[in-house]
Undergrad: 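Supplied in structure tokens, the structure appears directly below.
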Amino acid sequence: MNDITTQRLAIVIPARYGSTRLPGKPLADILGKPMVQHVYERALEVPGVHAVVIATDDERVAEAARGFGGRCVMTSPDHPSGTDRLAEVMQSVEAEIYINLQGDEPMVRPGDIAMLARGMWADSSVQVGTLCHPIDADEADNPNTVKAVLAGNGDALYFSRAKIPFARDDAPARYLKHVGVYGYRRDVLAAYSSLPPAMLEQVEKLEQLRLLAAGMRIRAFEVEPTGPGVDTPECLVRVRALMAGETGAAAAAAAAPAPLPSLAGIKLVITDVDGVLTDGGIYYDATGECLKRFHVRDGLGMRLLEENGVRVAVLSGRDSPTLRKRVADLGITLYQFGFKDKHGACRALMEQAGVAVHETVCIGDDSIDLPAFAACGLSYAVADAPVYVQRRASAVLATAGGKGAFRELADAILVAQGKEHVFGSAEGFATVMAGMAQ
């Protein structure tokens, strides 16, 4: 067994300035300090740590770190993953184990990080370590919450956005949430970039599955439920209240996560076009006319919603005669074409439809749709959207863009509103058939 006090442990804190929902997040003020300083100071409290380093690609974060005496390493802005960024830091920071601690976790417990480090020192066969904690069945239903299934010794068998394990016949099940703190041995980091992307990683959009697919051991250490991280302005308000030590009803209200709206109350669906209603391909004929391939099931889904009192709006950063023809054929009268500011466009569409934010859901597939996600009460990413877009959505669809993703959401809305019969039975479909189009 290795002694943590005689081995080198480095804690690396990635801190990107850019954030769609909370720009400048690492520098957000909490009790008179930038958030990243709180994380840095808690990392310094971990017993046996030899180096704590902030890794950033933004000079504003580096300047703030220098201001409070923090050690900072400038990294490339072009890394495809956080693990690749950590590998760059490894070139200038010597250690046997590197712990990746996110810069938006100001309430991290030093004891949890120490447990992770001790567990890795205790078993040299563990190549990667991480954390998890129990959650209830309702939270396990959320695809944005990554679940872990472990072997008896704590090694991860699998990570998934799906609800695992599957409780057949309502058998009792225990669910674990994966906490995104990782400990890596030096040789794992050195080899990571040469590992081929795994099918599981690409399907689930979970980076750690590349390691499992390569046969590496990931040991998960169970901790108590962790405090909230900071992802949105609302999260920042809650964390400020908790760290200020507020008590009573005000603190409870601040700490409670804001409930998401329900599909049962949705009155407007705003959909992107390229990459959602199409597969993202754009074709030009000899005259320069833009051609697109749409899916008939999406068209029927739009009409089913419209016939059942849920308005549909089409929002695209592009404009073309092909798109206008498709919208006209489906009888859609709410649309905004050629708008790059999708936040403002969504608000305008809500006003036209006479609905509130919590009554609106949007679907997108790429970075241009993130402002729309922020404007609407609920947001869905298609299955093949980049992982950084999926992380910003309320949920992720099982269907890829251009292959019936809109229809998947349309059916879910109708089910939530008790109208499954209109697409699930001949008798129900007959009640809306006159208004159908594909």
Undergrad: Has the side chain of K342 got a donor or acceptor atom that lies under 3.5 Å from a matching backbone atom of I368?
TA: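 Not confirmed, K342 side chain does not pair with I368 backbone.
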
Undergrad: Closest heavy-atom contact between I266 and Q417?
TA: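 Heavy-atom minimum between the residues: O-NE2, 2.9 Å.
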
Undergrad: Could you pull out the closest heavy-atom pair between S124 and R185, with the gap in Å?
TA: CA-NH2, 3.4 Å

Undergrad: Report the residues that fulfil side-chain contact (heavy atoms from CB on, under 4.5 Å) with V415, sequence neighbours left out, ordered by chain and then residue number.
TA: E420, F423

Undergrad: Closer than 3.5 angstrom, by distance alone: can the side chain of S379 be matched with the main-chain N or O of S394 as a donor-acceptor pair?
TA: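 Checking the backbone N and O of S394 against the side chain of S379, a donor-acceptor pair under 3.5 Å is found.
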
Undergrad: Test of understanding: with side-chain contact (heavy atoms from CB on, under 4.5 Å), list the residues that count as partners of R60, not counting sequence neighbours.
TA: Y17, L27, D58

Undergrad: Looking at every heavy atom in both R16 and P26, which two are closest together, and how far apart are they?
TA: O-CG, 3.0 Å

Undergrad: Below 4.5 Å, heavy atoms only, C-beta onward: do L305 and V269 meet side chain to side chain?
TA: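 Yes, at least one pair of side-chain atoms sits under 4.5 Å.
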
Undergrad: Within the distance-only criterion (no hydrogens, no angle test), does the side chain of D369 pair as donor or acceptor with the backbone N or O of D366 below 3.5 angstrom?
TA: yes

Undergrad: Let me confirm one number: the CG-CG distance from L263 to L378, rounded to the nearest 0.5 Å.
TA: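 Taking CG in L263 and CG in L378, the distance rounds to 6.0 Å.
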
Undergrad: Under 4.5 Å between any side-chain heavy atoms of N100 and V12, yes or no?
TA: no

Undergrad: Within this structure, what is the CG-CG distance for the pair D78 and D84, rounded to the nearest 0.5 Å?
TA: 11.5 Å

Undergrad: Could you pull out the closest heavy-atom pair between Q336 and A348, with the gap in Å?
TA: NE2-CB, 3.7 Å

Undergrad: Can you check whether F406 reaches H295 side chain to side chain, under 4.5 Å on heavy atoms?
TA: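 Sidechains of H295 and F406: no contact.
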
Undergrad: With a 4.0 Å cut-off, would you call K403 and D279 a salt bridge?
TA: no

Undergrad: Between E207 and R85, is there a side-chain N and carboxylate O pair less than 4.0 Å apart?
TA: no

Undergrad: Okay, side chain of H38, backbone of I30: is any donor-acceptor separation there less than 3.5 Å?
TA: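 Looks like yes, one N/O pair under 3.5 Å.
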
Undergrad: Please identify each residue that fulfils side-chain contact (heavy atoms from CB on, under 4.5 Å) with A213, with sequence neighbours left out.
TA: A198

Undergrad: Do the side chains of E96 and R186 get close enough for a salt bridge, i.e. N-O under 4.0 angstrom?
TA: no

Undergrad: Would you name the heavy atoms of L101 and A43 that are closest together and state the gap between them?
TA: CD2-CB, 4.1 Å

Undergrad: Using side-chain heavy atoms (C-beta onward) and a distance below 4.5 Å, is L330 in contact with F294?
TA: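 When only atoms from C-beta onward are counted, F294 and L330 do not touch, as no gap falls below 4.5 Å.
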
Undergrad: What heavy-atom pair brings V239 and P106 nearest, and what distance separates the two atoms?
TA: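 V239 and P106 have their closest heavy atoms at CG1-CG, 3.8 Å.
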
Undergrad: Return the CZ to CG distance between F159 and L212, rounded to the nearest 0.5 Å.
TA: 6.0 Å

Undergrad: Do side-chain atoms of D136 reach the backbone of D138 as a donor and acceptor pair under 3.5 angstrom?
TA: yes

Undergrad: T399 and E408: side-chain donor and acceptor closer than 3.5 Å?
TA: yes

Undergrad: For the pair T83 and Y184, evaluate side-chain hydrogen bond (donor to acceptor under 3.5 Å, both in side chains) and give the outcome as yes or no after the intermediate values.
TA: CA-CA 9 Å; T83 308; Y184 299 94; 3.3 Å; yes

Undergrad: Show the atom names and distances, to 0.1 Å, of all donor-acceptor pairs under 3.5 Å that link a side chain in residues 382-390 to residues at least two apart or in another chain.
TA:
from : atom 1 : to   : atom 2 : distance (Å)
D384 : OD1    : G401 : N      : 3.0
Q390 : NE2    : A383 : O      : 3.0
Q390 : NE2    : A385 : O      : 3.0

Undergrad: Between Q208 and V128, is a side-chain contact (heavy atoms from CB on, under 4.5 Å) present by the stated rule, with each step listed?
TA: CA-CA 10 Å; Q208 64 269 39; V128 181; over 6 Å; no

Undergrad: Would L209 and Q202 count as a side-chain contact (heavy atoms from CB on, under 4.5 Å) here? Give the steps.
TA: CA-CA 9 Å; L209 294 179; Q202 295 172 328; over 6 Å; no

Undergrad: Assess whether atom NZ of K267 is packed by more than 12 heavy atoms of other residues, nucleotides or ligands within 6.0 Å.
TA: no

Undergrad: Less than 4.5 Å apart, side chain to side chain, heavy atoms only: is that true for P165 and K147?
TA: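 Of all side-chain heavy-atom pairs linking K147 with P165, none is under 4.5 Å.
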
Undergrad: Between E105 (side chain only) and Q102 (backbone N and O only), is there a donor and an acceptor less than 3.5 Å apart?
TA: no

Undergrad: Between R109 and E224, does at least one N-O distance fall below 4.0 Å, as a salt bridge requires?
TA: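 Salt bridge: no.
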
Undergrad: With side-chain contact (heavy atoms from CB on, under 4.5 Å) as the criterion, how do K205 and R391 come out once you've worked through the C-alpha distance, each side chain's angles and the decisive distance to 0.1 Å?
TA: CA-CA 10 Å; K205 302 294 189 277; R391 286 173 179 162; over 6 Å; no

Undergrad: Just wondering, more than 12 heavy atoms not from F221 lying within 6.0 Å of its CZ?
TA: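 Buried by this count: over 12 neighbours within 6.0 Å.
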
Undergrad: With I113, which of I99, V223, V49 fulfils side chain to side chain contact (heavy atoms under 4.5 Å, CB included)?
TA: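 Going through I99, V223, V49 one by one, the side chain to side chain contact (heavy atoms under 4.5 Å, CB included) with I113 is satisfied by I99 alone.
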
Undergrad: Indicate yes or no for a side-chain donor-acceptor contact from D298 to the backbone of R407 under 3.5 Å, with no hydrogens or angles considered.
TA: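 Judged by distance alone, yes, a pair lies under 3.5 Å.
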
Undergrad: What distance do D411 atom CG and K419 atom NZ have between them, rounded to the nearest 0.5 Å?
TA: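 That separation rounds to 14.0 Å.
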
Undergrad: Would you give the length of the straight line joining atom CZ of R210 to atom OG of S193, rounded to the nearest 0.5 angstrom?
TA: 9.0 Å

Undergrad: Is D169 reaching over with its side chain to a backbone N or O of A171, donor-acceptor style, under 3.5 angstrom?
TA: no

Undergrad: How many angstroms lie between atom CG of L116 and atom CD1 of I11, to the nearest 0.5 angstrom?
TA: 9.0 Å

Undergrad: Counting C-beta onward and ignoring hydrogens, is there a side-chain heavy-atom pair between I270 and C376 closer than 4.5 Å?
TA: yes

Undergrad: When you compare the side chains of T145 and Y175, does any donor N or O come within less than 3.5 Å of an acceptor on the partner?
TA: no

Undergrad: Within the 4.5 Å heavy-atom criterion, are N153 and D123 side-chain neighbours or not?
TA: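 SC-SC contact between N153 and D123 ruled out.
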
Undergrad: May I ask you to decide if R217's main-chain N or O and Q127's side chain share a donor-acceptor pair within less than 3.5 Å?
TA: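 Yes; at least one donor-acceptor contact below 3.5 Å.
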
Undergrad: Decide side-chain contact (heavy atoms from CB on, under 4.5 Å) for M436 and L300; before the verdict, give the C-alpha distance in whole Å, the side-chain angles of both, and the deciding distance to 0.1 Å.
TA: CA-CA 7 Å; M436 290 300 100; L300 192 62; 3.4 Å; yes

Undergrad: Between D155 and R219, does any NZ, NE, NH1 or NH2 come within less than 4.0 Å of an OD or OE carboxylate oxygen?
TA: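 D155 and R219: salt-bridged.
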
Undergrad: Strictly by modelled atom types, are E204 and Y158 linked by a side-chain donor-acceptor pair under 3.5 Å?
TA: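 Result is yes, a qualifying pair exists.
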
Undergrad: How would you list, by chain and number, every residue that makes a side-chain contact (heavy atoms from CB on, under 4.5 Å) with A220, sequence neighbours excluded?
TA: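 Residues passing side-chain contact (heavy atoms from CB on, under 4.5 Å) with A220: T130, C132, L150.
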
Undergrad: Got a donor-acceptor contact below 3.5 angstrom from the Y98 side chain to the V93 backbone?
TA: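 Pair found, side chain donor or acceptor close to backbone of V93.
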
Undergrad: Would you check if C72 and T56 make a side-chain contact, meaning some heavy-atom pair closer than 4.5 Å?
TA: yes

Undergrad: What side-chain donor-acceptor pairs closer than 3.5 Å can you find for residues 307-316, not counting sequence neighbours?
TA:
from : atom 1 : to   : atom 2 : distance (Å)
E307 : OE2    : R303 : NH2    : 2.8
N308 : ND2    : L304 : O      : 2.7
R311 : NH2    : T333 : OG1    : 3.0
S316 : OG     : R318 : N      : 3.0
S316 : OG     : R318 : O      : 3.1

